[in-house]
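Reviewing the structure listed below.
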Amino acid sequence: MVVTWTAAALVAVLASTAKAIDIAVHASGGNDTTRMPYGLMHEDINNAGDGGIYAELINNRAFQGSDLYPSNLTGWSPINGARLSLKTLSTPLSSALPVSLNVAVSNSTSRTAGFINSGYWGIEVKKQEYKGSFYVRGTYEGSFTASLQSAITNETFGAVKVKSKTSADDWVQHEFTLVPKIDAPNSNNTFAITFDPERVSGGSLDFNLISLFPPTYKGRANGLRMDIAEAFAELQPKFLRFPGGNALEGPSLKYPWLWNETIGPLKDRPGRPGAWNYETSDGLGLVEYLHWCDDLGLEPILAIYSGLALDGGYVNESDFQWVIDSALDELEFITGDPSTPWGAIRESLGESAWTINYVEIGNEDWLAGAPSGFESYQTYRFPLLMQAILAKYPSMQIINSGSFYETPAIPAPAIGDYHPYREPDNFYNEFHKLDNLTADNLTIVGEFASVHVNGGSDWDGDLYKFPWWLGGVAEAIFMIGNERNGDRVLGATYAPALRNMNRWQWSVCLIEFEADTSKTTLSTSWHVFHLFSTHTITHTFPTSPEANTTSLFWVAGSREGYEGQEDSGLVVKMANYNTTNHEDTPVSLSFEEVESGQEAHLTLLTSSEGPWGYNGPYTGSNVVVETKSVVKASGNGTFSWVMPEWSVAVLELGGS
Ligand SMILES: *[C@@H]1O[C@H](CO)[C@@H](O)[C@H](O)[C@H]1NC(C)=O
Ligand SMILES: *[C@@H]1O[C@H](CO)[C@@H](O)[C@H](O)[C@H]1NC(C)=O
Ligand SMILES: *[C@@H]1O[C@H](CO)[C@@H](O)[C@H](O)[C@H]1NC(C)=O
Ligand SMILES: *[C@@H]1O[C@H](CO)[C@@H](O)[C@H](O)[C@H]1NC(C)=O
Ligand SMILES: *[C@@H]1O[C@H](CO)[C@@H](O)[C@H](O)[C@H]1NC(C)=O
Ligand SMILES: *[C@@H]1O[C@H](CO)[C@@H](O)[C@H](O)[C@H]1NC(C)=O
Ligand SMILES: *[C@@H]1O[C@H](CO)[C@@H](O)[C@H](O)[C@H]1NC(C)=O
Ligand SMILES: *[C@@H]1O[C@H](CO)[C@@H](O)[C@H](O)[C@H]1NC(C)=O
Ligand SMILES: *[C@@H]1O[C@H](CO)[C@@H](O)[C@H](O)[C@H]1NC(C)=O
Ligand SMILES: *[C@@H]1O[C@H](CO)[C@@H](O)[C@H](O)[C@H]1NC(C)=O
Ligand SMILES: *[C@@H]1O[C@H](CO)[C@@H](O)[C@H](O)[C@H]1NC(C)=O
Ligand SMILES: *[C@@H]1O[C@H](CO)[C@@H](O)[C@H](O)[C@H]1NC(C)=O
């Protein structure tokens, strides 16, 4: 007891007498930084795409399957004695969608029969406009009813009649708009299509591509889920790296991400078995990613397939030509003049050309299939693709899928891509790692996150259950390291960004969600990322001391909107990790341009539950405490404030 009392008293004394860290920021020197310091990355994991940011509400809408994940009736069940079965008809809806749903109603004793879909672990029902459609083949003289109802009580929240336009031998699309009369009390709801069995000829009807969308971000048809896109937009990101990640590689060489099979009408997209153990619809395809860039104002970082699969298989050099052709066709589809073959196809889809400035060749090619897979990347996969792309598009920035740490000699003019997934202490210990990059060693950080708690090795043990505050502070240290080297680190993004709480494949993500949008949770890491990504430094300022003490880390620079060094648009980003005795760290910061009495805005983030606090999606809690204050420069032009242990802050002169 006495010992504990002594220790506590000692802490109190140290806390009250801790000496301020004096930091002088110099207005001359430093480096211009990139204007896209932070961005987003999409990876099809955790139902981040289907059942995630892709707003489609119907699960397994087109019975897509593969030999890895054969077509099945997941999500579907019959109503009133209907019998559901999958059929591979001789006249399918399309060659891409060969399997359809047969609904047999000859035994139904009710005036209505049909089927329901349970959505992606529920469907959120609100008084808003849902746009739906389905294809039918068969003969039915009557109306279909499309409705949304409770899975618990069967209460109908909204229904609409859709007059049949069916034809015995043709697939006919039916479209409808459904506006529920009330908001459902929870998201345990289903979507149903019912019809009158007595008006069906032949005892059954065939259905396919049954789709239902709530309002989408910026009203795009086939668009993005609104609340998730808004949570991304709030980060003011500058780029999007897509389509992956492992998603690009596919599970085996048989199933690459083929851009050409993700474009055009939904009925022409076969879908594919993704890298994360489920079939994906590819409704979120190449054009949808580019719309995502358009709608959030993002620079596309387009990853192209490089002939490596996640199981380590890689395309041999003698067979490699199709990989090159596919990449060039993809670039022509996106950027080509309408007079080019693929440019013309894009125009026929109603899309004008986009500009691509960044092309990444593959994903983590140093990892799967190493060492021979990596050797194939270095000897022919990377050089052949880079040469072919630069021959046609000399000004595109090529990105190698490895960093200078895995591939010391990334061939010029390519830049690298660094993916640190770390224990927090590793980010802390590696603070100076990126200082090593030379002016020739430009890189992006296409993925990073604190994933494991301290004490294991990086990849041993379980991921932590959610992003946690200590991990977030370590991420802030890493981001400060990036920004200090912001002339060479062109941009960084956390990954993976999203997790549907009903699929557990990777637990640490920026945003957790489920069908019920009121449960969407911004993680502790989202808050740290947000603070830094919404305060852009366009030029770094040297400081003394250079960048850190043993617990405190910082970077100073001029704020976006202030060009050059003359202006006083100062931004300081700071993180305080573990202090010796858990004491606060007083900071005293001077800047040559600052006069007495000048005001700066301080935003300080701390955790109400200490370093282990996290934002649990089921609790609605936010442990991140944001404290905003105005700090006035003292007589000698010094700003003073206190950084508690485990805190992250931005001080901004002239901002808000
Ligand atoms: C500017 O970049 C150079 C290397 O390119 C580096 O040595 C120097 O520390 C950087 N200055 C600042 C203030 O980050
Ligand atoms: C109708 O019921 C009979 C007798 O139970 C059964 O053999 C038959 O398969 C059922 N047909 C359909 C379409 O469900
Ligand atoms: C929805 O409600 C049903 C019936 O109460 C229950 O069996 C099911 O687990 C619930 N599903 C979800 C996603 O809550
Ligand atoms: C809801 O409808 C289903 C299918 O028609 C039926 O099996 C179930 O008993 C109904 N539940 C309630 C609570 O009425
Ligand atoms: C898409 O491209 C791949 C590779 O070039 C090709 O094998 C495949 O047949 C194409 N798919 C379609 C639907 O044209
Ligand atoms: C059914 O198909 C879905 C979509 O392809 C797949 O994710 C799921 O694992 C399959 N379920 C079963 C039981 O085969
Ligand atoms: C690549 O070539 C080797 C040697 O000829 C062969 O064993 C292998 O199956 C080939 N791989 C593929 C994916 O074609
Ligand atoms: C930087 O790039 C040069 C080639 O330009 C290479 O020799 C060197 O190994 C790289 N260094 C680091 C630390 O990446
Ligand atoms: C930086 O590079 C030097 C020389 O290449 C090397 O000795 C050192 O370990 C590197 N430091 C880090 C943190 O990577
Ligand atoms: C902080 O900076 C000092 C030099 O000022 C250095 O010796 C120390 O290793 C750094 N600490 C960390 C954790 O990077
Ligand atoms: C705290 O700091 C020391 C170095 O001073 C380090 O060894 C330790 O692992 C740090 N981490 C945590 C989580 O306290
Ligand atoms: C400026 O004044 C403050 C007290 O107002 C003092 O703590 C600090 O050390 C001084 N800084 C410089 C650079 O003189």
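All figures in this text were calculated on a predicted structure; none of them were measured in a lab. Just the heavy atoms: all of them, side chains too, but no hydrogens, waters or symmetry mates, feed the values below. Indexing begins at 1, ligand by ligand and atom by atom, following the structure's order.
The ligand atoms of ligand 7 that sit less than 4.0 angstrom from a heavy atom of N316 are 1 (C), 2 (O), 3 (C), 8 (C), 10 (C), 11 (N), 12 (C), 14 (O). Short contacts between ligand 7 and Y314, defined as distances under 4.0 Å to a heavy atom of the residue, involve ligand atoms 13 (C). Taking every heavy atom of Y577 and a limit of under 4.0 angstrom, the matching atoms of ligand 11 come to 11 (N), 13 (C). Under a 4.0 Å criterion applied to the non-hydrogen atoms of Y428, ligand 11 contributes the atoms 4 (C), 5 (O). Close contacts between ligand 11 and N578 involve ligand atoms 1 (C), 2 (O), 3 (C), 8 (C), 10 (C), 11 (N), 12 (C), 14 (O) [criterion: under 4.0 Å to a heavy atom]. Per-residue contacts place N454 under 4.0 angstrom from the following atoms of ligand 11 (heavy atoms of the residue considered): 13 (C). Residue-ligand proximity, L253 to ligand 7, at heavy-atom distances under 4.0 Å covers atoms 13 (C).
Y577 pairs with exactly one of L552, T585, D425 by the side-chain contact (heavy atoms from CB on, under 4.5 Å) rule, that one being D425. Tested against R137, the residues N208, D170, T91 include a single side-chain hydrogen bond (donor to acceptor under 3.5 Å, both in side chains) partner, T91.
Taking the six-membered ring for Trp and the full ring otherwise, Y614 and W469 have centroids separated by 6.0 Å or more. Two rings, from Y380 and F320, have their centers less than 6.0 Å apart.
Separation of atoms CD1 (I477) and CG (N548) is listed at 9.0 Å; rounding is to 0.5 Å. Note: L434 CG to Y418 OH = 6.0 Å, rounded to the nearest 0.5 Å.
Ligand 11 lies nowhere less than 4.0 angstrom from a heavy atom belonging to T550.
Under the side chain to side chain donor-acceptor pair (under 3.5 Å) criterion, K254 pairs with D67, sequence neighbours left out. Residues satisfying the side chain to side chain donor-acceptor pair (under 3.5 Å) test with R272, not counting sequence neighbours, are T280, D282.
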Exercise for the section: Take D435 and R484 through the test salt bridge (charged side-chain N to carboxylate O under 4.0 Å, His left out) and record every step on the way to the result. Expected result: CA-CA 8 Å; D435 299 358; R484 257 163 54 70; 2.7 Å; yes
Identify each donor-acceptor pair in which a side-chain atom of residues 308-318 lies under 3.5 Å from a protein atom, sequence neighbours left out, and give them as a table.
| residue | atom | partner | partner atom | Å |
| --- | --- | --- | --- | --- |
| D311 | OD1 | G313 | N | 2.9 |
| Y314 | OH | S372 | OG | 3.3 |

Any protein N or O within less than 3.5 Å of an N or O in ligand 5? List each pair with its distance, or say none.
| residue | atom | partner | partner atom | Å |
| --- | --- | --- | --- | --- |
| ligand 5 | 2 (O) | N260 | OD1 | 3.1 |
| ligand 5 | 2 (O) | N260 | ND2 | 2.4 |
| ligand 5 | 11 (N) | N260 | ND2 | 2.9 |
| ligand 5 | 11 (N) | E261 | OE2 | 2.7 |

